[in-house]
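What follows is a single structure, written as structure tokens, with notes after it.
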Amino acid sequence: MSDPFDLSDADEPDFAIAPAPRAGGIAARALAGAAGAPRYLEGLNAEQREAVEAMDGPVLVLAGAGTGKTRVLTTRIAHIIATGRARPHQILAVTFTNKASREMKERIGALIGPGAEGMPWLGTFHSIGAKILRRHAELVGLQSTFTILDTDDQIRLLKQVLQAEDVDDKRWPARALAHQIDNWKNRGLDPTRVPPGEAGAFANGKGGKLYEMYQARLKTLNAVDFGDLLLESLRLMREHPDVLTQFQERLRYILVDEYQDTNTVQYLWLRLLAQGRRNVCCVGDDDQSIYGWRGAEVDNILRFDKDFPGAKVIRLERNYRSTGHILAAAAHLISHNGGRLGKTLFTDGEDGEMPTVTGIWDSEEEARTIGEDIEQLQRKGANLDEVAILVRASFQMREFEERFITLGVPYRVIGGPRFYERAEIRDALAYLRCIAQPADDLAFERIFNTPKRGLGDATLQCLHNYARSARIPLMQAARVIVETEELKPKARGSLRALVTDFARWSSLVENTRHSELAETILEESGYTDMWRNDRSADAAGRLENLKELVRSMEEFPDLGGFLEHISLVMDVDSREGGAHVSIMTLHAAKGLEFETVYLPGWEEGLFPHQRSLDENGRAGLEEERRLAYVGVTRAKRRAKIYFATNRRIHGMWQTTIPSRFLDELPADHVEVVEAATGVSYGGYAQSRFANQDSYTSTYSTPGWQRAQQRRSEQGASGGWSKGPQAAQSTQAWSGRKAPAVIEGELVAKSSAASAFEPGARVFHIKFGNGTVASVDGNKLTVEFDKAGRKMVLDSFVQAHGA
DNA sequence: CCGCCATCCCTTTTT
DNA sequence: GGGATGGCGG
């Protein structure tokens, strides 16, 4: 593990790698292949090999799903090292996630031996940004011990800023400002560069000022947020050409994973570094760009050869993951997107099973059907680790979890709450932060009355006032104030105790192992006792987590290294405990693969998600389609798609229509399956794909609306949608905004009171007959004869006998 | 200072 | 429907 506080000059050779020059172990071993071709090149196909061996100048590798992207990246690094073009510490390799960089590190290790340990510049954008920043912190007004704030701290800080500016944080929530600032940072805009129009958009023209104040506060706290790791390191390199040159010279080769996901700062940052030697190799797939909503610019990859003239573009299209039918289905689906760089995956493998599409009655039946299907796989001896359910939105997960619990199918939800986001972990870390970085007011505030020590708002206010006027951190202010008459005796006493505790703990730093110190602090502060005395059910688990935290500290050389790891790298990847079905979002599934993939919820409004369409129109639709593509291409052997006719959304049952993406699948590579569980409801199976070829991919601007309309026209003549009751998903999902689409015609939705009155007899497609109990606008509470009391939208019931 | 109730929102999410 | 949050009352 590299030490973030190691500020030694990196020009010194860093040698985890064997001291014997490269002629030694690595190169010799690597070059030991038969005909002089290094062994690590064996087994690469022609394109992969070209991508590995194209050494000089910019290279763009367009690597489709499952075409060996990581292999190319890692082999390329091995090749650079083996041919002596650069040493491990002269290669910059950036990824987006820790998982990706860990995997890359491991695989390089497997290729070239332990030399990969000596790759200090392999990591996420953020961790490398942090590293650059720590080395030259003073040039941007920080100390090298700066704290990295997470989203939570960021929001608390923004709340203070909003308060200071007297902004109504009801009307202008801190969260929204945090988003806005992130958005600016993603686009490489520091406060001076924000376009005036945008700066004025928040809080009646205060947006820009608030941003500026926030940045100033960060500096006094000696802290940065995630966005700053890139934006500030970019500024650093821009404003200090000597530093930039140093990095450009040192980092001889640059490799970038998932280039389609880079946002503007990342792009600018890379371009700056790459301008030196222009030995930059970006790997990505425009068809898998699914992070537009958090600032990723597909344009970066589409524009690569303009940014780097003379770039070599290599396409990897041979897929090693999926069977023929799956690839054909995915390819046809994605072909409906415009503006692609264009790749068509192929395989020499077998056609395999066709992906299936199954329509079922509602989301409960969806969970039941999939659950049974999995049990059947299990009986046939399938490995549950090779089974995944990929959903569009996390609320879909619950139904599966519940089902799996009753069935006793072991499952794991990927992307749940993280270890370090738990309150007890954050509290413990706050104590440590107070020691490591005395200017960290946010940490101080967090623990100042945790556990309860009778210090309230009044005391904090007083501390703040003093700290602000004296321009000192809260901790220091506290030290001064306890010597005065400012506070009531009781508060003064508690605060004094806290201050002296901290003084004692700080004096221990030098001579105590940091894990031991942490234990002492948690004990002596009363923090662990607080949980011991807690009667609630999860208290024991929290104590367990604290122990785990202390244990994990032992892996780090010092407190600083540990805190860096926690804020940038730490995730809980508990793989133990036998085989599990994975449940995760489509986003989380990128980069993974499974034998069998279940894709539930392919309905208009959910997938493609209405909000995506509303907010980003055609671009939004295309990103959704890429998400569908990512989903299908996760499957090695079996892809099973489902759509439900009814789904509960915000607690109310809504009728939905099948996703347009279903119509975009190729009829001769997809099998339509009738749901096992009875309920016959219409002839979609026979008329399916009837309109397959009537699809034209030319949407005019409010594209999705037109498409929506066309869909309903299609519906009338077959296609996926069925009876007239099926058409209201647009309304269901977008709430008030969009007009309701009723089979073939647009009907203005009246927000006026419902036509129904209490006591009226009504019929609902899912619940049957019932009596209206009460009316609230267009929401009805109905006492159904069979199904009991439910809340439904009035447009989903018919007057009885009508 | 704590705990209860009204209110609001509800896609995706890494670092 | 449900969870998070914030205000208010004890």
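Only this structure's heavy atoms are used, side chains among them; waters, hydrogens and symmetry mates stay out. Each chain gets a letter, A, B and so on, in the order its sequence line appears, and its residues count up from 1.
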Hey, what are the protein-to-nucleotides 6-10 of chain C N/O distances that come in under 3.5 Å?
residue : atom : partner  : partner atom : Å
C:dG6   : OP1  : A:Lys159 : NZ           : 3.1

Worksheet item: How would you list all residue pairs meeting side-chain hydrogen bond (donor to acceptor under 3.5 Å, both in side chains) that involve residues 446-459 of chain A, not counting sequence neighbours?
Response: A:Asp427-A:Arg446, A:Tyr431-A:Arg453
Worksheet item: Has A:Ser567 got a side-chain N or O lying under 4.0 Å from the OP1 or OP2 atom of B:dT15?
Response: no
Discussion item. For A:Glu165 and A:Gln163, which I'm curious about, is there any donor-acceptor pair between the side chains at under 3.5 Å?
Written reply: no
Discussion item. For a quick check of understanding: with a heavy-atom distance under 4.0 Å over all strands, which category does A:Gln154 fall into, base, sugar-phosphate or nothing?
Written reply: nothing
Worksheet item: Starting at the 5' end of DNA chain B, which residue's closest nucleotide do you reach first, A:Phe125 or A:Asn616?
Response: A:Asn616
Worksheet entry | Donor-acceptor pair (no angle test) under 3.5 Å: A:Arg392 side chain, B:dT12 base | yes
Item to complete: Give the rounded distance in Å between these two atoms: CD of A:Gln396 and P of B:dC10.
Response: 17 Å
Response to the item:
Applying side-chain hydrogen bond (donor to acceptor under 3.5 Å, both in side chains) to A:Trp184 and not counting sequence neighbours gives A:Glu198
Discussion item. Does A:Ser612 reach a base, just sugar-phosphate, or nothing at all? Heavy atoms under 4.0 Å.
Written reply: base
Worksheet item: With sequence neighbours left out, what residues match A:Asp190 under side-chain hydrogen bond (donor to acceptor under 3.5 Å, both in side chains)?
Response: A:Thr192
Discussion item. Taking only side-chain N and O atoms of A:Asn186, does any of them lie within less than 4.0 angstrom of OP1 or OP2 on B:dT14?
Written reply: no
Worksheet entry | Pairwise 5' ranking along DNA chain B for A:Leu455 and A:Glu623, keeping only the more 5' one | A:Leu455
Worksheet item: According to a strict under-4.0 Å criterion, is A:Lys590 in side-chain N/O contact with OP1 or OP2 of B:dT12?
Response: no
Worksheet item: Can you list the residues that meet the ring-ring contact (aromatic ring centres under 6.0 Å, His included) rule with A:Tyr214, with sequence neighbours excluded?
Response: none
Discussion item. Just to verify, what does A:Tyr642 make a ring-ring contact (aromatic ring centres under 6.0 Å, His included) with, not counting sequence neighbours?
Written reply: none
